[in-house]
Amino acid sequence: VQLQASGGGLVQAGGSLRLSCAASGSIFKINDMGWYRQAPGKQRDLVARITSGGSTNYADSVQGRFTVSRDNAKNTVYLQMNSLKPEDTAVYFCNADVVGMRNILRSITYWGQGTLVTVSS
């Protein structure tokens, strides 16, 4: 199973970006999917997560500005980021809790490669 993230880039403060992350491989189903971020010199923190049924939770710092969504048919999770601030600058990682075709009795968490978001002031 692989997760491929895309959509990062450079944007001015107040602008918007949309991140995408597609899972591929031998997938039976995907449970939770999420986005995390890691700024230079800091730990990786949760940004937003979404269950297979569409329930979401967000970090306080992005609540009301970011929206996480998913397309289960495409095994893809999205992160719409609005009203971006310089402090949102980080490498954004997606992850997914995947049940593989080889063993449907367990799930494994996979991570994408990360995509850089830079917000200029």
Side-chain angles (χ1 to χ4, degrees):
V1 175
Q2 292 186 328
L3 270 63
Q4 181 67 46
S6 62
L10 174 64
V11 64
Q12 289 188 332
S16 298
L17 281 175
R18 189 191 193 210
L19 306 183
S20 299
C21 176
S24 61
S26 184
I27 298 170
F28 178 70
K29 71 172 182 177
I30 301 177
N31 297 323
D32 290 5
M33 304 183 82
W35 290 95
Y36 291 72
R37 67 186 180 187
Q38 188 168 19
K42 296 188 176 181
Q43 66 182 21
R44 189 176 298 186
D45 292 324
L46 172 70
V47 175
R49 289 191 66 78
I50 183 168
T51 68
S52 57
S55 297
T56 60
N57 67 287
Y58 297 91
D60 289 344
S61 59
V62 307
Q63 184 76 45
R65 299 188 296 122
F66 291 10
T67 302
V68 62
S69 60
R70 63 190 284 175
D71 184 333
N72 290 330
K74 296 181 179 179
N75 290 333
T76 299
V77 62
Y78 306 96
L79 186 67
Q80 178 66 43
M81 305 185 293
N82 299 328
S83 302
L84 282 160
K85 303 175 181 180
E87 51 263 43
D88 294 319
T89 295
V91 177
Y92 283 70
F93 297 89
C94 59
N95 78 352
D97 187 31
V98 179
V99 178
M101 294 295 287
R102 294 183 179 181
N103 186 347
I104 64 172
L105 299 180
R106 62 173 291 193
S107 62
I108 299 174
T109 298
Y110 294 90
W111 289 87
Q113 84 283 8
T115 185
L116 177 62
V117 172
T118 303
V119 184
S120 63
S121 57

*Asks:* Quick check: does any side chain N or O of Thr89 sit under 3.5 Å from a backbone N or O of Val119, one acting as donor and the other as acceptor?
*Replies:* yes
*Asks:* When rounded to the nearest 0.5 angstrom, what distance separates NZ in Lys74 from OG in Ser24?
*Replies:*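 These two atoms lie 14.5 Å from each other.
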*Asks:* Just so I know, are the side chains of Ile108 and Arg106 near enough to count as touching, which here means a heavy-atom distance under 4.5 Å?
*Replies:* yes
*Asks:* Any side-chain heavy-atom pair from Arg44 and Trp111 closer than 4.5 angstrom?
*Replies:* yes
*Asks:* Might you point out which heavy atoms bring Val99 and Ser107 nearest each other, and give the distance in Å?
*Replies:* CG2-CB, 3.9 Å
*Asks:* Roughly how far apart are Trp35 CH2 and Leu46 CG, rounded to 0.5 Å?
*Replies:* 12.5 Å
*Asks:* Which distance, rounded to the nearest 0.5 Å, do you find between the OG1 of Thr56 and the CE of Met33?
*Replies:* 14.5 Å
*Asks:* Check for a donor-acceptor pair, side chain of Tyr58 on one end and backbone N or O of Arg65 on the other, with a separation under 3.5 Å.
*Replies:*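 Absent.
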*Asks:* Could you grab the distance from atom CZ of Phe66 to atom CG of Leu17, nearest 0.5 Å is fine?
*Replies:* 9.0 Å
*Asks:* How many angstroms lie between atom CE of Met81 and atom CZ of Arg18, to the nearest 0.5 angstrom?
*Replies:* 11.5 Å
*Asks:* Within the 3.5 Å criterion, strictly below it, is a donor on Thr109 or Asn95 matched to an acceptor on the partner's side chain?
*Replies:* no
*Asks:* From Gln2 CD over to Cys21 SG, what is the distance, rounded to the nearest 0.5 angstrom?
*Replies:* 11.0 Å
*Asks:* Of Asp32, Asn31, Ile30, which meets side chain to side chain contact (heavy atoms under 4.5 Å, CB included) against Thr51?
*Replies:* Asp32
